[in-house]
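Not measured: the values here are computed from a predicted model.
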Amino acid sequence: MQLLGLYDDRPFIRLAIFEFKGKKAEIKSLKSFIPNASSNVKQLYIGGCKGVVSMGMSTLVRTLDFKISSSRLIEQGLPFQVESITHLPIENLIYTSQLHLKKEGGAEATLFLGQKTALQALLDRWRGLSLEPDFVTSLPQALATFAHFRCPQLSSAFLIHLGSQEWNCVWVEAGKIKKAFVIPEGIEMLLSAFWEDRKKVLFQKEVEGVARQIDLLQLKPHLNPHLSTKLEELRHKLEATLYSFEQGGGKKPILFTGRTDSFGHLTEYLVQKFPDASPYEPSLPLSQEEKECAIAMGLALEGASKDRKKNQFLKNEFIPRKAWKRAGQWGFGLIATSLLLSISLSLTGYFQTHYQKKEWTHSLQRLMDRLAPGSFRGTIEDALSLIEEHDKEAYFIPQAPSLSEFLSWLSNHPLLEGLSATGDPLLINDVKYTLVSFPHIEAAKDPYAVQVDIEFQVKNPLSAKKFHETLLKEPLIDSKKEMIWESQSDHYRASFFLKNRTPYVF
């Protein structure tokens, strides 16, 4: 099974392909490229990828506490909770949720909130590159998944992805996302500021290479005014974000991913004024390729997650066209399989019945020949011919209970005898037995249907209720058809249908 993760880190596209062998995930390819106007992303797959294509979108993250532990009740109440925690109309939002039960009782739900307009823009962007995703999830979730994959011992941390256009900041506690925040400026803005400072002595295509040689810990602000200003702005925003995270969970290691090599000592510069903070380095160091493709790797791994359906934003009106196509193919296959199975069962039943008839015929013939050789041959053959000719239900043999059967049941019913013994007898004023439908020459297959109307009188309403309950449970009465019950003072009327006997078949 192959999984492809794609992250739109403009101007770059980050691509990660994983291959699952059993339960083990192996990185098959990591790649970063800048598409041109005629690029088709499908042509850039390394070795091809026929598995799940995953993408991500920026989302708000909110955590809600519930005193109940029923996942069904919590899911039903989430729309009302979502409406209360955001000012946006709920019809413009799309969200996914993760539910975690607490040992001490209750539950905690993590909500990932996105806007439908942002999701639609994402889909339009990728369709312009001739690609449609199977799965869209949250970027904070993808970043947390990458951290767990690459640094499994890091269960609680602050994750900072330095993207080209935005920085994603995520607080993970005991493997669960608590908060997430997006700083809507990135590395490209810093490079533009650096170009403003050096455009008299550098060509624009040289900016990125020279920037890597700049040591930000030794940066002289008066020589790089634009870059220094933007760096300070971003650092202050990052510090404010980390401070808000710490208010809820204390100090944590900081794992930096993304374009961390854009400037020398960039990550150290960003946290140098944050007390006791330093970039986290895993025991197996991350390559620069892994850092840049961290979100793409997380997106690919999310495509194989057990909670994939819960984390999926492509639902309702956003269900991908190829999913509908696959559903149609499965539906057609199911119908075709059902049809073939029905035909097979019908043919099997027909041949089995035909074989049994032949066996019975031969057995009867041998018995008659043994009793009186030749005496009954003509009679038996004539009878068998008639059976073959009329091998169907005998429609004109009555199947409905007769009036005498019904009256016998009614007069001998234990309830009526019991009511008489208590001094409140059930007095029957009128009984109507109507044959509503029956088979006849013009409609031989019309069913037998007998409707009975009873008018009776009883003093105690409780006695009438008992009689009503008896009618509902009585096997002689067809409970699948409508029963009419009317009452007026001490007079009552019940109308119902009798159940037909099993049809007689030759």
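- Rounding to the nearest 0.5 angstrom, the gap separating the SG atom in C293 from the CZ atom in F12 is 10.5 Å.
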- Verdict with supporting geometry, D446 and S437, side chain to side chain donor-acceptor pair (under 3.5 Å): CA-CA 7 Å; D446 277 6; S437 71; over 6 Å; no

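- Looking only at side-chain heavy atoms (C-beta outward), L159 and T257 stay at 4.5 Å or farther from each other.
- Geometrically, K179 does not engage F245 in a cation-pi contact defined by less than 6.0 Å to the ring centre and at most 45° from the axis.
- Salt-bridge formation is detected for the pair K178/E108: a Lys NZ or Arg NE/NH1/NH2 atom is positioned less than 4.0 Å from an Asp or Glu carboxylate oxygen.
- Here the side chains of V170 and F158 are not in contact, with every heavy-atom distance at 4.5 Å or above.
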- Between L190 and F263, is a side-chain contact (heavy atoms from CB on, under 4.5 Å) present by the stated rule, with each step listed? CA-CA 9 Å; L190 292 178; F263 294 88; 3.8 Å; yes

- Message: Run the side-chain contact (heavy atoms from CB on, under 4.5 Å) test on F112 and L60 for me, step by step, so that the C-alpha distance in whole Å, both residues' side-chain angles and the decisive distance to 0.1 Å come before the verdict.
- Response: CA-CA 6 Å; F112 299 89; L60 291 174; over 6 Å; no

- Intermediate values then yes/no, side chain to side chain donor-acceptor pair (under 3.5 Å), Q98 and N311: CA-CA 8 Å; Q98 294 178 2; N311 298 337; 3.0 Å; yes

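- Aromatic ring centres of F497 and Y448 lie farther apart than the 6.0 Å criterion allows.
- Using a 4.5 Å heavy-atom cutoff, the side chains of S155 and K176 are not in contact.
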- Message: Run E91 and K116 through salt bridge (charged side-chain N to carboxylate O under 4.0 Å, His left out) and show every step you take.
- Response: CA-CA 9 Å; E91 61 270 14; K116 291 183 178 180; over 6 Å; no

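- Between R150 and E290 there is a salt bridge, since at least one side-chain N of the basic residue sits less than 4.0 Å from a carboxylate O of the acidic one.
- The environment of NZ in K465 is sparse: at most 12 heavy-atom neighbours from other residues, nucleotides or ligands sit within 6.0 Å.
- Between D261 and R259, no side-chain nitrogen of the basic residue sits less than 4.0 Å from a carboxylate oxygen of the acidic one, so the salt-bridge criterion is not met.
- F194 has its side chain out of reach of S192: every pair of non-hydrogen atoms, C-beta onward, lies at least 4.5 Å apart.
- A salt bridge between K237 and E233 is absent, with no side-chain N of the basic residue lying under 4.0 Å from a carboxylate O of the acidic one.
- Nearest heavy atoms, T145 versus G298: CG2-O, 4.0 Å.
- A heavy-atom distance below 4.5 Å is found between the side chains of F20 and L3.
- Taken from CD in Q141 to OG1 in T110, the straight-line distance is 8.5 Å, to the nearest 0.5 Å.
- Because its NZ or CZ atom is not both nearer than 6.0 Å to the ring centre of Y280 and within 45° of the ring axis, K251 does not count as a cation-pi partner of that residue.
- For the atom pair NE2 of H236 and CG of L270, the computed distance is 11.5 Å after rounding to the nearest 0.5 Å.
- In terms of modelled atom types and a separation under 3.5 Å, the side chain of D134 and the main chain of V52 share no donor-acceptor contact.
- Formation of a donor-acceptor pair under 3.5 Å by the E166 side chain with backbone atoms of E185 is not found in this model.
- Cation-pi geometry between R235 and Y269 is satisfied (NZ or CZ under 6.0 Å from the ring centre, within 45° of the ring normal).
- A donor-acceptor pair under 3.5 Å is absent between the side-chain atoms of Q115 and the main chain of T117, judged by distance alone.
- Inter-residue side-chain proximity for S32 and E292 is flagged as met; some heavy-atom pair is nearer than 4.5 Å.
- Under a 3.5 Å cut-off, the side chain of S29 and the backbone N or O of I17 do not form any donor-acceptor pair.
- Taking every heavy atom of both residues into account, F256 and P279 meet most closely at CD1-CB, 3.9 Å.
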- Begin from the C-alpha positions of L498 and Q451 and carry the test side-chain contact (heavy atoms from CB on, under 4.5 Å) through to its verdict. CA-CA 6 Å; L498 300 183; Q451 185 175 12; over 6 Å; no

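- Between the side chain of D478 and the backbone N or O of N500, no donor-acceptor pair lies under 3.5 Å.
- Considering every non-hydrogen atom in both V61 and A180, the closest pair reads CG2-CB, 3.4 Å.
- Annotation for W171 and K252: closest pair NE1-CE, 4.1 Å, computed over non-hydrogen atoms.
- Screening T260, L219, L217 for a side chain to side chain contact (heavy atoms under 4.5 Å, CB included) involving H265 leaves a single residue, L217.
- Taking 4.5 Å as the limit, some side-chain heavy atom of L238 sits within range of a side-chain heavy atom of I183.
- Here the CD1 atom belonging to I27 is positioned 8.5 Å from the CD atom belonging to E289, to the nearest 0.5 angstrom.
- Between the side chain of S228 and the backbone N or O of P225, no donor-acceptor pair lies under 3.5 Å.
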- Begin from the C-alpha positions of E302 and T137 and carry the test side-chain contact (heavy atoms from CB on, under 4.5 Å) through to its verdict. CA-CA 8 Å; E302 273 292 294; T137 188; 4.0 Å; yes

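- In this structure, Q288 contributes its side chain and G258 its backbone to a donor-acceptor pair below 3.5 Å.
- For the pair L122/V136, a side-chain contact is recorded, criterion being any heavy-atom separation below 4.5 Å from C-beta on.
- The nearest pair of heavy atoms linking L101 to S69 is CD2-O, 3.5 Å.
- In this structure, R198 does not pair ionically with E206, as no charged nitrogen and carboxylate oxygen lie closer than 4.0 Å.
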- Before giving the answer on salt bridge (charged side-chain N to carboxylate O under 4.0 Å, His left out), spell out for R14 and D8 the whole-Å C-alpha distance, their side-chain angles and the decisive distance to 0.1 Å. CA-CA 7 Å; R14 314 293 184 184; D8 187 10; over 6 Å; no

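- For the atom pair L154 CG and I254 CD1, the distance stands at 11.0 Å (nearest 0.5 Å).
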- Starting from the C-alpha separation in whole Å, work towards a yes-or-no answer on side chain to side chain donor-acceptor pair (under 3.5 Å) for E208 and S262. CA-CA 7 Å; E208 195 167 344; S262 300; over 6 Å; no

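- Of all heavy-atom pairs between H226 and A193, the closest is CB-O, 3.4 Å.
- Residue L99 holds its CG atom at 4.5 Å from CD1 of I74, rounded to the nearest 0.5 Å.
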